[in-house]
Amino acid sequence: AGVLAVLYSVANLPLDFYRGFVRQHAYGLSNQTLGKWFADWLKTLAVLLAVGGSLLWLAYLVLRKSPRRWWLLGSVGAVPLVVLAVVVAPVWLDPLFNDFGPMKDQALEREILTLAERAGIQGSRVFEVNKSVDTKAVNAYVTGLFGTHRIVLWDTILARLDRRELLSVMGHEMGHYVLGHVQLGVALTCAFIAVTLWGAGAVGGRVVRRFREHLGFHELSDIASLPLFVLWFQLAGFVLLPLGNAFSRHIEHEADRFGLELTRDNRAAATSFVKLQHTNLDVPRPGWLYKVWRASHPPLGERIDFCNSYRPWQTGEPLRYERHFR
């Protein structure tokens with residue numbers, strides 16, 4: 001399995017390099033040196049070998065011990081593993097690639113924490129990450145669960161947006177936290193794993209029985225079946241991707257709504273999206289095919305339109321998320 005992972009990574013190296021280094025520099029989006037890019041690639045491979053190898057050993061052990069119910073046991077066992085991954089990633093994995101620390105602008109941090117208290121968030125933590133060493137793009141996100149949950153701001157977004165725009169971005173990220181979007185993402189991931197494992201058992205077993213002489217193995221529990229599993233997960237991921245993207249666009253839209261209701265600063269929210277589009281070179285209104293298969297966020301043009309039009313507080317309409325505010 002380790003050899004296959006290395007071969008797979010090496011085979012994809014030219015495409016990864018072109019997509020992640022050459023094209024990013026060609027469009028002026030990257031500050032990353034070749035050495036930093038290759039070091040990050042090696043770290044990713046090391047994590048894949050360490051974590052992926054352990055999970056593969058465990059998966060094939062379950063396959064051998066329970067050839068009929070392995071997919072059900074695997075689905076149940078995946079739940080704590082996915083939760084664990086979300087919990088430890090901000091603490092152990094993310095710092096392997098960039099430096100995380102407290103915000104340097106303490107006045108802005110106090111404003112963010114005040115906004116968090118208005119959103120009903122107690123004990124929130126805001127981290128600044130040194131992403132300018134890698135990119136000129138801007139971003140902010142919510143990550144972690146339980147004691148590791150945090151809001152992360154790239155230093156590039158701190159340099160590009162003004163105070164009001166940053167607070168509107170923070171309102172959006174607080175919406176993800178308050179509305180439990182990280183937990184919903186975990187649940188969706190576990191559901192995807194369950195459906196995919198069930199399909200692998202139903203389809204893979206038939207494929208092996210029919211083509212065992214050509215495949216060279218007679219049971220799915222044989223490690224030689226790994227390429228078959230990889231192919232199945234790739235196909236399942238492609239088929240289910242539109243559903244995952246639709247779910248992601250929905251929660252991003254609701255986080256936009258939450259942020260607007262919390263800050264009531266429509267102009268700052270709209271101008272932050274304009275700057276994001278200019279800086280990240282996003283297409284504001286892509287075609288439907290791209291939106292369905294590639295877009296995990298609503299198109300920026302639609303988000304700007306929503307910022308310009310959503311003002312229920314001016315017409316006396318009830319706010320959808322007012323119950324969360326203090």
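Just so it is clear, the model here is predicted, and its values are computed rather than measured.
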> Find the distance between CZ (R303) and CZ (R249) and round it off to the nearest 0.5 Å.
12.0 Å
> If the condition is ring-ring contact (aromatic ring centres under 6.0 Å, His included), which residues does F238 pass it with, not counting sequence neighbours?
W293
> Any sub-3.5 Å donor-acceptor pair from S225's side-chain atoms to L228's backbone N or O?
no
> Would you call R326-E117 a salt bridge at under 4.0 Å N-O?
no
> Any side-chain donor-acceptor pair under 3.5 Å between E252 and H172?
yes
> Over all heavy atoms of both residues, which pair between H25 and S30 is shortest? Give the atoms and the distance, please.
CE1-OG, 3.2 Å
> Verify the cluster assignment for V126 and L262: are they in a single hydrophobic cluster under the rule of side-chain heavy atoms below 4.5 Å apart?
yes
> Restricting to non-hydrogen atoms, name the atom on S272 and the atom on L161 that form the minimum distance, rounded to 0.1 Å.
CB-CD2, 3.9 Å
> May I ask you to test the C307-F273 pair for a side-chain heavy-atom distance under 4.5 Å?
yes
> Counting the benzene-type ring for Trp, do F258 and Y177 have ring centres under 6.0 Å apart?
no
> Please check: side-chain N/O of D282 versus main-chain N/O of P284, any donor-acceptor pairing under 3.5 Å?
no
> So, are K291 and E302 salt-bridged, with charged N and O less than 4.0 Å apart?
yes
> Let me check something: do W37 and V129 share a hydrophobic cluster, defined by ILVMFWY side-chain heavy atoms less than 4.5 Å apart, either directly or through other members?
no
> Under 3.5 Å, is there a donor-acceptor pair between the side chain of D265 and the main chain of A268?
yes
> T148 side chain to V87 main-chain N or O, any donor-acceptor pair under 3.5 Å?
yes
> Quick one: does S221's side chain have a donor or acceptor within less than 3.5 Å of a partner on R64's backbone?
no
> Give the minimum heavy-atom separation between F247 and L184, together with the two atoms involved.
CZ-CB, 3.6 Å
> Taking all heavy atoms of W70 and all of L220, pick out the closest pair and write down the distance.
CZ2-CD1, 4.4 Å
> Going by an N to O cut-off under 4.0 Å, is there a salt bridge joining R285 and D305?
yes
> Is there a side-chain contact between F127 and L153 (heavy atoms, below 4.5 Å)?
no
> Tell me if the aromatic rings of H253 and F306 count as close, with their centers under 6.0 Å from one another.
yes
> Counting only heavy atoms not in Q106 (residues, nucleotides, ligands), do more than 12 fall under 6.0 Å from its CD?
no
> The test is side-chain hydrogen bond (donor to acceptor under 3.5 Å, both in side chains); show your working for N139 and K131 and say whether it passes.
CA-CA 9 Å; N139 195 20; K131 275 305 271 191; over 6 Å; no
> If only atom types and distance count, is the side chain of N308 paired as donor or acceptor with the main-chain N or O of A270 below 3.5 Å?
no
> Could you tell me if the ring centre of W41 sits under 6.0 Å from that of F17?
no
> Taking a hydrophobic cluster as the set of Ile, Leu, Val, Met, Phe, Trp and Tyr residues connected by side-chain heavy atoms closer than 4.5 Å, whether directly or through intermediates, do F97 and W154 fall within one such cluster?
no
> Using the side-chain hydrogen bond (donor to acceptor under 3.5 Å, both in side chains) rule, take T315 and E317 through it: C-alpha gap first, then chi angles, then the decisive distance, then the call.
CA-CA 6 Å; T315 58; E317 298 175 57; 2.8 Å; yes
> Consider only side-chain heavy atoms of I, L, V, M, F, W and Y, link residues closer than 4.5 Å, and tell whether V83 and F192 are in one cluster.
yes
> Sub-3.5 Å donor-acceptor pair from the side chain of T156 to the main-chain atoms of A137, do we have one?
yes
> With clusters defined by side-chain heavy atoms of hydrophobic residues (ILVMFWY) lying less than 4.5 Å apart, directly or transitively, does V207 cluster with F233?
yes
> Could you tell me whether the side chain of D155 and the main chain of S132 form a donor-acceptor pair under 3.5 Å?
yes
> Report the C-alpha separation of Y27 and R23 in whole Å, then their side-chain angles, then the decisive distance to 0.1 Å, and conclude whether the side-chain hydrogen bond (donor to acceptor under 3.5 Å, both in side chains) test is met.
CA-CA 6 Å; Y27 284 98; R23 296 298 291 173; 2.8 Å; yes
> Go through E254 and R257 one step at a time and tell me if the salt bridge (charged side-chain N to carboxylate O under 4.0 Å, His left out) criterion holds.
CA-CA 5 Å; E254 291 309 306; R257 188 193 309 276; 3.1 Å; yes
> Going through the checks in order, is the side-chain hydrogen bond (donor to acceptor under 3.5 Å, both in side chains) test met by D134 and N31?
CA-CA 5 Å; D134 293 327; N31 296 321; over 6 Å; no
> Hey, does the side chain of Q24 reach the backbone of L29 with a donor-acceptor pair shorter than 3.5 angstrom?
no
> Would you check if the side chain of H250 reaches a backbone N or O of A246 as a donor-acceptor pair within less than 3.5 Å?
no
> Which heavy-atom pair separates V178 from A119 by the least distance, and what is that distance?
CG2-O, 3.5 Å
> Set out, in order, the CA-CA distance, both residues' side-chain angles and the distance that settles salt bridge (charged side-chain N to carboxylate O under 4.0 Å, His left out) for R163 and E111, then state yes or no.
CA-CA 9 Å; R163 183 189 63 82; E111 290 189 76; 2.7 Å; yes
> Compile the donor-acceptor pairs under 3.5 Å between side chains in residues 44-59 and protein atoms, sequence neighbours left out, one pair per line.
from, atom 1, to, atom 2, distance (Å)
T44, OG1, D40, O, 2.9
S54, OG, A50, O, 2.9

> Pick one: which of R267, R160, K275 meets salt bridge (charged side-chain N to carboxylate O under 4.0 Å, His left out) with E165?
K275
> Between K104 and E128, is there a salt bridge with N-O shorter than 4.0 Å?
yes
> Does any donor atom in the side chain of H324 or E261 lie under 3.5 Å from an acceptor atom in the other side chain?
no
> Using every non-hydrogen atom in the two residues, find where L166 and I157 come nearest and quote the distance to one decimal.
CD2-O, 3.7 Å
